[in-house]
Amino acid sequence: MVKDVNKLFGAKIKEYRIKRNLTQWELSGLVEVDQKHISRIECGKSFPSAKVLEKLAEALKVEPKDLFEFYHLQDDKNLKKDIVSMVNNLKSEDLSLVYKFIRTFVL
């Protein structure tokens with residue numbers, strides 16, 4: 001499981017890095033680590049220390065907690081399972097609103 005978390009965390013770092021139009025080299029300079037360390041983090045082979053994590057969040061202009069919101073990066077099977085679970089827990093008055101929202105993307 002930890003390996004999965006490392007990979008998801010790395011994917012999140014990469015997602016934010018690309019959003020900010022930064023190369024691994026540029027991000028490594030902002031964070032003051034070797035570019036290979038950024039690469040290992042993004043591949044899920046390494047996890048940053050607390051100090052590096054703080055610098056990553058600052059360089060990517062996000063709150064540290066945002067780096068751990070990676071549920072949307074999971075595989076399709078688990079994503080669908082989570083969506084079904086959330087829909088099953090909706091109140092009836094919210095169900096039609098969610099339906100309308102989803103329908104706008106399906107059509």
Side-chain angles (χ1 to χ4, degrees):
M1 182 66 173
V2 172
K3 190 174 183 182
D4 292 341
V5 170
N6 285 355
K7 284 187 177 189
L8 290 170
F9 181 83
K12 188 67 175 190
I13 294 297
K14 184 176 182 178
E15 178 183 53
Y16 276 125
R17 178 179 61 76
I18 290 169
K19 272 186 183 176
R20 301 288 182 255
N21 294 314
L22 295 170
T23 64
Q24 286 183 347
W25 182 261
E26 291 167 328
L27 181 58
S28 69
L30 293 170
V31 178
E32 300 173 339
V33 297
D34 189 272
Q35 182 270 330
K36 289 180 184 177
H37 189 48
I38 297 295
S39 176
R40 287 191 299 270
I41 290 170
E42 287 187 2
C43 291
K45 294 179 183 175
S46 183
F47 196 82
S49 67
K51 186 69 173 168
V52 171
L53 200 145
E54 183 180 359
K55 287 182 176 184
L56 280 167
E58 185 178 314
L60 296 169
K61 297 180 169 95
V62 296
E63 294 294 322
K65 69 173 181 62
D66 297 334
L67 299 176
F68 294 94
E69 294 176 356
F70 41 72
Y71 297 104
H72 67 286
L73 298 173
Q74 60 188 327
D75 62 65
D76 287 353
K77 181 180 176 184
N78 287 325
L79 202 54
K80 287 177 183 178
K81 184 178 168 185
D82 282 353
I83 290 170
V84 168
S85 176
M86 285 187 275
V87 168
N88 285 336
N89 291 319
L90 284 174
K91 298 176 185 172
S92 60
E93 60 267 16
D94 296 329
L95 197 55
S96 64
L97 179 62
V98 170
Y99 175 81
K100 289 175 189 175
F101 181 77
I102 292 172
R103 188 130 171 101
T104 63
F105 292 99
V106 175
L107 295 177

Does a salt bridge link Arg17 with Glu26, judged by any charged N lying under 4.0 Å from a carboxylate O?
no
Take atom NZ in Lys14; do more than 12 heavy atoms of anything else shown fall under 6.0 Å from it?
no
Check whether any side-chain heavy atom of Leu27 sits under 4.5 Å from a side-chain heavy atom of Leu60, and report yes or no.
yes
Check against side-chain contact (heavy atoms from CB on, under 4.5 Å), Ser28 and His37
CA-CA 8 Å; Ser28 69; His37 189 48; over 6 Å; no
Quick check: closest heavy atoms across Phe105 and Phe101, and the distance to 0.1 Å?
CD1-O, 3.3 Å
Smallest separation among heavy atoms of Arg20 and Lys61, with atom names
NH2-O, 3.5 Å
Minimum side-chain heavy-atom gap Asn6-Ile41 below 4.5 Å:
no
Tell me, yes or no, whether the heavy-atom count around Phe47 atom CZ, taken from other residues, nucleotides or ligands under 6.0 Å, exceeds 12.
yes
Minimal non-hydrogen separation, Leu53 against Phe9, with atom names:
CD1-CZ, 4.3 Å
Test your reading of the model: is there a side-chain donor-acceptor pair from Asp66 to the backbone of Glu63, 3.5 Å cut-off?
yes
So for atom CD, which belongs to Glu69, do other residues, nucleotides or ligands contribute more than 12 heavy atoms lying within a distance under 6.0 Å?
yes
Is any side-chain heavy atom of Asp82 closer than 4.5 Å to a side-chain heavy atom of Lys77?
no
Sub-3.5 Å donor-acceptor pair from the side chain of Asn88 to the main-chain atoms of Val84, do we have one?
yes
With sequence neighbours left out, the residues meeting side-chain hydrogen bond (donor to acceptor under 3.5 Å, both in side chains) with Lys12 are Glu15
CD1/Ile13 to SG/Cys43 distance, rounded to the nearest 0.5 angstrom?
12.5 Å
